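Structure record follows, encoded as structure tokens.
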Amino acid sequence: MSVLLETSLGEIVIDLEVKKAPRCAQNFIKLCKIKYYNFVLFHNVQKNFMAQTGDPTGTGKGGESVWGVIHGDSRRYFSPEIHPKLQHKGKGVVSFATTGTDEKTGLPIAGSQFFITLSDGHLDYLDGKQAVFGKVAEGFDVVDKINAALCDDDGRPYRDIRIKHTIILDDPFDDPEGLVVPDRSPIPTEEMLKSGRIGEDEELVPDLPPEELEKQRRREEAAAAAIGLEMMGDIPFAEIKPPENVLFVCKLNQVTRDEDLELIFSRFGTILSCEIVRDKKTGDSLCYAFIEFETQEACEEAYFKMDNVLIDDRRIHVDFSQSVSRLHNDFIRGIHRGLDADEGPSYGGSKGLEKRTRYRDDANRGRGDDYDLVFEQEGDLEGEKAGKKRRVENGERDRAEDRREDRRDERRDERERDGRRRDGERDERRGGRRDDRRDRERDDRRRDDRSRRGER
């Protein structure tokens, strides 16, 4: 006498001990007949020990015998046979889980919960306590899959393992009086549906192609890095997003001006700001710029049409901006001004940030709107440019005057060196004539002395 269990991992055929355990076999067969086990979880799986099921609530505390189904709670449990020759030897032994003893008779009682042993050895400490009533005849590969299920510390599988359907291959018992057999499988109750965790059609690890897995890994790394930047204060919050209406333009020629770049890109739509990033000290172009459009559509059109375009003999490269530095600066300035993060429109994926107005609009000029370099300016921009030009010209005149002074000093030093050299030569000549005169006078004295000695 056999019963086929269709589980979410495969089919298991159980041969029943109808002679040695008739009440257990009848209870199991009739519960299968009324579809009592349909959609029931394996709620407790102990690796290399046993897999327990049969509780419609999935908690391990529910379940009732077929007589309890017919007559109510008064006969919720029954007294199973515990045959001395039916032992828990080897893998695949099927046994009813007893819940205690009957107060009147003192015999063990059981309901609907049963378990399948997963150990190849003899679990002798279960003999005489749990009611063996069958053995797995086919489907040991499914038993191994159940044994290999990933479970928590309480033995609950993370992915649901359920009995989907039961088929009685042979029923030698008559139906108890009052047993109602349904025409088809009943619909799972709400309690059954809520008892699950991860459905059988869901994957613990998504089965994705390598490209998608790599994208997912990069997204997770980016999220972790964003949290780190938020903790260090480099960005206001991790969920901040780069503005979708700002283009990053690089490989520019150093002679390209902000006005030229704005004029070229303005055919795609209204430009709120166009700034070439420059060196802080020298003011030289760093050959890249940020262009902010009024609409995202204009930004996208410029992205598709302006990449690799020739501007001032340079092939430029255009991409969407990934920088949130300006949003961060606006956020910090908002904090200093006491701006509430919940006030104002959303900009760049954040609340409380306002879009920048066009910086060359003289009719609506305000703080932070007049800027030419990477740092924002205040006051008359053209006047500051003219002042800077005058300072450069005055500096050039000062440097030219210094060079002329240096040349005059060099000529003066050279004249002084020539004068000292001529004085030295003159002194040398004078000294030579004095020495010749002294020599002649000495010779004359010597001749006079010899003459006087000769006369004597």
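In what follows, residues are counted from 1 in the order of the sequence shown. Predicted, not measured: the structure shown is a model, and the values here were computed from it.
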*Kindly indicate whether the side chain of V13, heavy atoms from C-beta on, has any atom under 4.5 Å from the side chain of L169.*
yes
Legend entry - Side chains of F42 and I163 in contact at under 4.5 Å (non-hydrogen atoms): yes
[X] side chain to [Y] main-chain N or O, any donor-acceptor pair under 3.5 Å?
| X | Y | answer |
| --- | --- | --- |
| R314 | L252 | yes |
| T98 | K129 | yes |
| D312 | N253 | no |
| R162 | S8 | no |
| R156 | H43 | no |
| S95 | A131 | yes |
| D15 | S2 | no |
| D258 | I276 | yes |
| S79 | I109 | no |

* Ion pair R218/E214, N-O distance below 4.0 Å -> yes
Go through E6 and I167 one step at a time and tell me if the side-chain contact (heavy atoms from CB on, under 4.5 Å) criterion holds.
CA-CA 8 Å; E6 293 181 1; I167 299 175; 3.4 Å; yes
Which label fits [X] and [Y]: parallel for a plane angle under 30°, tilted from 30 to 60°, or perpendicular past 60°?
| X | Y | value |
| --- | --- | --- |
| Y288 | F290 | perpendicular |
| F114 | Y37 | perpendicular |
| F28 | F96 | perpendicular |

Please check if any side-chain donor atom of [X] sits under 3.5 Å from a side-chain acceptor atom of [Y], or the reverse.
| X | Y | result |
| --- | --- | --- |
| E292 | S273 | yes |
| D124 | H88 | no |
| E64 | S112 | no |

Between F320 and F248, is the ring centre distance below 6.0 Å? no
Margin query: Applying side-chain contact (heavy atoms from CB on, under 4.5 Å) to V136 and V94, what does each step give before you reach the verdict?
Written below: CA-CA 7 Å; V136 173; V94 184; 4.2 Å; yes
Rounding to 0.5 Å, atoms CG (L247) and SG (C299) come to a distance of 3.5 Å
CD of Q296 to CD of E244, rounded to nearest 0.5 Å, is 4.5 Å
| message | Set out, in order, the CA-CA distance, both residues' side-chain angles and the distance that settles side-chain contact (heavy atoms from CB on, under 4.5 Å) for Q87 and V132, then state yes or no. | response | CA-CA 7 Å; Q87 299 177 346; V132 178; over 6 Å; no
If you draw a 6.0 Å radius around [atom1] in [X], do more than 12 non-hydrogen atoms from other residues or ligands fall strictly inside?
| X | atom1 | answer |
| --- | --- | --- |
| K47 | NZ | yes |
| D73 | CG | no |
| E221 | CD | yes |

Of all heavy-atom pairs linking V66 and N27, the shortest is N-OD1, 2.8 Å
Margin query: Set out, in order, the CA-CA distance, both residues' side-chain angles and the distance that settles side-chain contact (heavy atoms from CB on, under 4.5 Å) for V143 and L118, then state yes or no.
Written below: CA-CA 7 Å; V143 175; L118 305 176; 3.5 Å; yes
